[in-house]
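The next block holds one structure in the form of structure tokens; read it before the comments.
When a ligand or atom number is given, it counts from 1 through the structure's own listing order. Position 1 is the first residue of the sequence, and the numbers go up from there. Just so we're clear, the structure is a prediction, and the values are computed from it rather than from any experiment.
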Amino acid sequence: MGDRFDEILRSARGVLVSGHVRPDGDCLGSQAALYHLLRALGKDVSVVNPDPLSPRYAFLGEETPFGAYDGARTEGGVPPYDALVVCDVSTLERTGPLAPILRARAAPRLVIDHHVPDSRESWDATYIDEDAPATGLLVWRLARRLGVSLPLPALRGVFVAVVTDTGWFRYSNTTQEALAVAAELVEGGVDAAALYRHLFQQFPAEWPRGVATLLSSLRYRADGRLAVVSADRAALRAAGAPSFDEADEVLDLLRAVGTVEVVLVFREMADGRVKAALRSKGDFDVNRLARAHGGGGHKKAAGFDVPGPFADSVARVEEIVAREVDAWKGAGRG
Ligand SMILES: [Mn+2]
């Protein structure tokens with residue numbers, strides 16, 4: 001695996017790095033690592049994402065120049081390049097407004113990712129490992145393979161990628177490799193406590209009010225095996241949390257309940273679409289459910305979005321998920 005991927009990357013002079021809409025810690029951390037890896041190989045590198053950095057990840061922008069799609073510029077501001085590498089997502093569709101621009105370019109398209117791949121997408125070469133805890137670890141492996149010693153900003157990127165996707169080494173995707181690489185990153189100069197503070201202790205003052213709004217809507221379905229919360233923009237505004245955006249902690253909190261196997265969080269996006277995030281504690285496959293609604297992810301963490309209006313879509317999707325969890329519970333569970 002990876003021969004053709006490495007060959008295309010090696011021969012390209014200019015590389016464009018991109019990723020999914022609303023890039024998260026793994027997407028951005030991988031990109032930071034890849035940016036500095038490719039720079040170490042003497043390449044011209046640009047990072048352009050569909051969306052700018054959210055405040056949570058702004059600190060990464062101090063070491064790596066993250067660009068974002070700009071509708072006011074020609075072709076969204078995407079520069080010329082010889083090869084494209086998409087990080088942490090394996091369908092071009094998920095690059096949002098960048099998708100038609102990237103698709104129209106003749107340069108080879110590469111993907112480096114750990115999501116369940118979408119067979120409908122065609123890539124010139126892929127580096128996909130569904131069992132990898134984070135895409136950032138694949139960039140780490142790539143650096144090893146190419147014999148590149150990564151500078152500190154790249155090490156920080158890999159660390160951010162791994163800790164965000166493993167829930168700071170708490171989720172079941174925390175492999176021996178994740179822990180071993182983390183140890184090497186710390187040895188290489190990564191300050192774990194400083195990154196913890198950046199990632200998990202810098203939320204805006206309104207953030208707890210958003211969490212409270214979501215939690216106050218809690219209902220249990222499927223005999224307590226499914227926990228559902230939802231909040232539309234009006235509710236968040238009324239609670240004094242108009243720009244509430246980080247709901248991962250809510251997904252974690254609800255999984256703390258003993259009976260709960262699956263968590264479902266609904267939020268209304270700025271464009272009126274309804275975003276559904278799903279987490280599973282055990283064997284229930286939330287990726288399959290997300291796929292059926294045009295989304296995707298992993299077996300234990302996945303998401304999708306559907307058109308509004310909010311209340312109608314929430315009711316409809318919640319019913320579907322409750323039925324599935326109910327049926328799964330009956331399927332030979334001890
Ligand atoms: Mn990821």
Restricting to N, O or S, what is the name of the atom of D165 that lies nearest the Mn ion (ligand 1)? OD2

With respect to the Mn ion (ligand 1), please indicate if H115 possesses an N, O or S atom at a distance under 2.8 Å. no

May I ask you to decide if V263's main-chain N or O and R255's side chain share a donor-acceptor pair within less than 3.5 Å? no

Side chains of T164 and R56, donor plus acceptor under 3.5 Å: no

Among the N, O or S atoms of D26, which one sits nearest to the Mn ion (ligand 1)? OD2

With a 4.0 Å cut-off on N to O distance, would you call E324 and R221 a salt bridge? no

Specify which N/O/S atom of H114 comes nearest to the Mn ion (ligand 1), by atom name. NE2

Beyond-backbone contact of H114 with I128, side-chain heavy atoms, under 4.5 angstrom: no

Name whichever N, O or S atom of D88 ends up nearest to the Mn ion (ligand 1). OD1

Salt bridge flag under 4.0 Å for residues R279 and E261: no

